[in-house]
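Quick notes on the structure that follows.
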Amino acid sequence: MKKVTVLLVAVLVLGVANIAKAAKPEGDKKSAAHGLNINIPTHAMIALAGPSSTDIDFEAEAAEVAGDKVTFAQTNETTLWLNYSSIVRSGKSNGISAEISDVPDGLSIEVAVSSAAASGKKGETGEGYTKELTTGGVEVVDGIGTCYTGSGENKGHSLVYTVSAKDDSYEDLVADNHNLTVTYTITEN
């Protein structure tokens, strides 16, 4: 009888041990790991900020002295700000171009983009330049890495416009009201 009891106890112990082992998850250790996949796509977004309007107005001022050429003055005290966010691939950068819808004959229109982004920026913001605007577009900011400028006034790059009559085509100036559009575009270089 003792042998049967010992045999039953042995079977019972082995059975309980196997059940306990089966209930315990495979690989139960003091630590465990799993994968975590994060996708960061490229990103580029741009906006203009100003006090209430993003329109800039210029008025031709008649010469004060006979024989002088006409000059242009900004009639509204609006400073615009170029704000952007950018995430680039390794070894790449973004740039911003400016394109004007038309350049009236006899005029030169320039934009001065402040060389560095103002307060609030984080990351690798680009460098701005002064360029004459064309209908084909010109790059006005380059070297934009992964960054953001902050949004709103006094963030990003300030934009200052200059309108002047060209000496070499002054005779092409015509009295008219010109409503133009300047478009800024951010793209990968």
Side-chain angles (χ1 to χ4, degrees), residues 38-61 69-170 172-173 178-189:
I38 299 173
N39 178 34
I40 302 175
T42 59
H43 171 77
M45 185 178 279
I46 190 170
L48 294 171
S52 59
S53 170
T54 55
D55 287 349
I56 306 271
D57 300 322
F58 280 89
E59 187 75 35
E61 295 181 342
K69 73 178 180 178
V70 68
T71 59
F72 293 84
Q74 186 173 334
T75 58
N76 59 344
E77 294 300 318
T78 299
T79 299
L80 295 182
W81 296 88
L82 187 60
N83 302 159
Y84 53 87
S85 300
S86 169
I87 297 177
V88 297
R89 288 185 280 245
S90 179
K92 297 290 185 178
S93 67
N94 285 330
I96 297 174
S97 63
E99 181 178 340
I100 193 163
S101 58
D102 186 30
V103 179
D105 292 338
L107 291 182
S108 171
I109 303 170
E110 280 188 350
V111 63
V113 180
S114 62
S115 63
S119 66
K121 66 181 182 175
K122 299 293 181 201
E124 188 180 339
T125 57
E127 181 160 346
Y129 301 97
T130 299
K131 297 282 181 94
E132 184 173 351
L133 296 175
T134 68
T135 57
V138 291
E139 189 168 61
V140 294
V141 179
D142 70 2
I144 300 170
T146 295
C147 66
Y148 63 92
T149 61
S151 63
E153 294 179 71
N154 300 310
K155 306 288 186 192
H157 299 269
S158 64
L159 304 175
V160 177
Y161 291 89
T162 305
V163 176
S164 58
K166 290 181 173 182
D167 287 336
D168 63 348
S169 57
Y170 194 83
D172 294 333
L173 287 176
H178 301 280
N179 297 307
L180 311 172
T181 301
V182 179
T183 302
Y184 290 88
T185 305
I186 186 168
T187 56
E188 183 177 273
N189 291 336

Q: Hey, could you give me the SG/NZ distance between C147 and K121, rounded to the nearest 0.5 Å?
A: 9.5 Å
Q) So which pairs with a foot in residues 134-154 pass salt bridge (charged side-chain N to carboxylate O under 4.0 Å, His left out), sequence neighbours left out? A) none
Q: State, to 0.1 Å, how close L80 and S53 come at their nearest heavy-atom pair, and which atoms those are.
A: CD2-O, 4.0 Å
Q.
So, taking the atom named CG in L133 and the one named CG in D102, what distance separates them when rounded to the nearest 0.5 Å?
A. 12.0 Å
Q: Indicate the atoms forming the closest heavy-atom contact of A98 with V182, along with that distance.
A: CB-CG1, 4.4 Å
Q.
I'd like to check V111 versus Y161 (side-chain heavy atoms, cut-off strictly below 4.5 Å). Are they in contact?
A. yes
Q) Does the side chain of E99 come within less than 4.5 Å of T185's, by heavy atoms? A) no
(Q) Could you measure the distance from the OG atom of S151 to the CE atom of M45? Nearest 0.5 Å is fine. (A) 11.0 Å
Q: Mark yes or no for whether D57, through its side chain, and N76, through its backbone, hold a donor-acceptor pair below 3.5 Å.
A: no
Q: Please list, chain by chain and in numerical order, all residues satisfying salt bridge (charged side-chain N to carboxylate O under 4.0 Å, His left out) with D167, sequence neighbours excluded.
A: K69
Q: For residues E61 and V70, report the shortest heavy-atom separation together with the two atoms involved.
A: O-CG2, 3.1 Å
Q. With no hydrogens and no angle check, is any side-chain donor or acceptor of T146 less than 3.5 Å from a backbone partner on V88?
A. yes
Q: Would you give the length of the straight line joining atom OH of Y184 to atom OG of S97, rounded to the nearest 0.5 angstrom?
A: 10.0 Å
**Q.** Nearest heavy atoms of D172 and G106, plus distance in Å
**A.** CB-N, 4.0 Å
Q: Give the intermediate values and the outcome of side chain to side chain contact (heavy atoms under 4.5 Å, CB included) for residues S86 and H43.
A: CA-CA 5 Å; S86 169; H43 171 77; 6.0 Å; no
Q.
Between S114 and S158 (side chain of the first, backbone of the second, donor and acceptor by atom type, cut-off under 3.5 Å), is there such a pair?
A. yes
(Q) For E188, I'd like to know if atom CD has over 12 heavy atoms of other residues, nucleotides or ligands within 6.0 Å. (A) yes
Q) With a 4.5 Å heavy-atom cut-off, do L48 and L82 have their side chains touching? A) yes
Q) Can you check whether P51 reaches T78 side chain to side chain, under 4.5 Å on heavy atoms? A) yes
**Q.** Sub-4.5 Å side-chain heavy-atom contact between I56 and L159
**A.** no
Q | Closest non-hydrogen atom pair, E132 against E110 | A | CA-CG, 3.8 Å
Q. Is a side-chain donor or acceptor of N83 paired with a backbone partner of A47 at a separation under 3.5 angstrom?
A. no
(Q) Under the criterion side chain to side chain contact (heavy atoms under 4.5 Å, CB included), I'd like the reasoning laid out for V140 against V138: C-alpha separation, chi angles, the key distance, then a yes or no. (A) CA-CA 6 Å; V140 294; V138 291; 4.1 Å; yes
Q) Which value, rounded to the nearest 0.5 Å, describes the distance between I144 atom CD1 and E124 atom CD? A) 9.5 Å
Q. For the side chain of Y84 and the backbone of T125, is there at least one donor-acceptor N/O pair under 3.5 Å apart?
A. no
(Q) Which heavy atom of S164 sits nearest to which heavy atom of F72, and what is that distance? (A) CA-CD1, 4.1 Å
(Q) Once rounded to the nearest 0.5 Å, what's the spacing between atom OG1 of T71 and atom CZ of F58? (A) 11.5 Å
(Q) Between W81 and T149, is there a side-chain heavy-atom distance shorter than 4.5 Å? (A) no
Q. Side chains of I109 and I100: does their closest heavy-atom pair fall under 4.5 Å?
A. yes
Q.
What I'd like to find out is whether the side chain of L173 reaches to under 4.5 Å of the side chain of L107, using heavy atoms alone.
A. yes
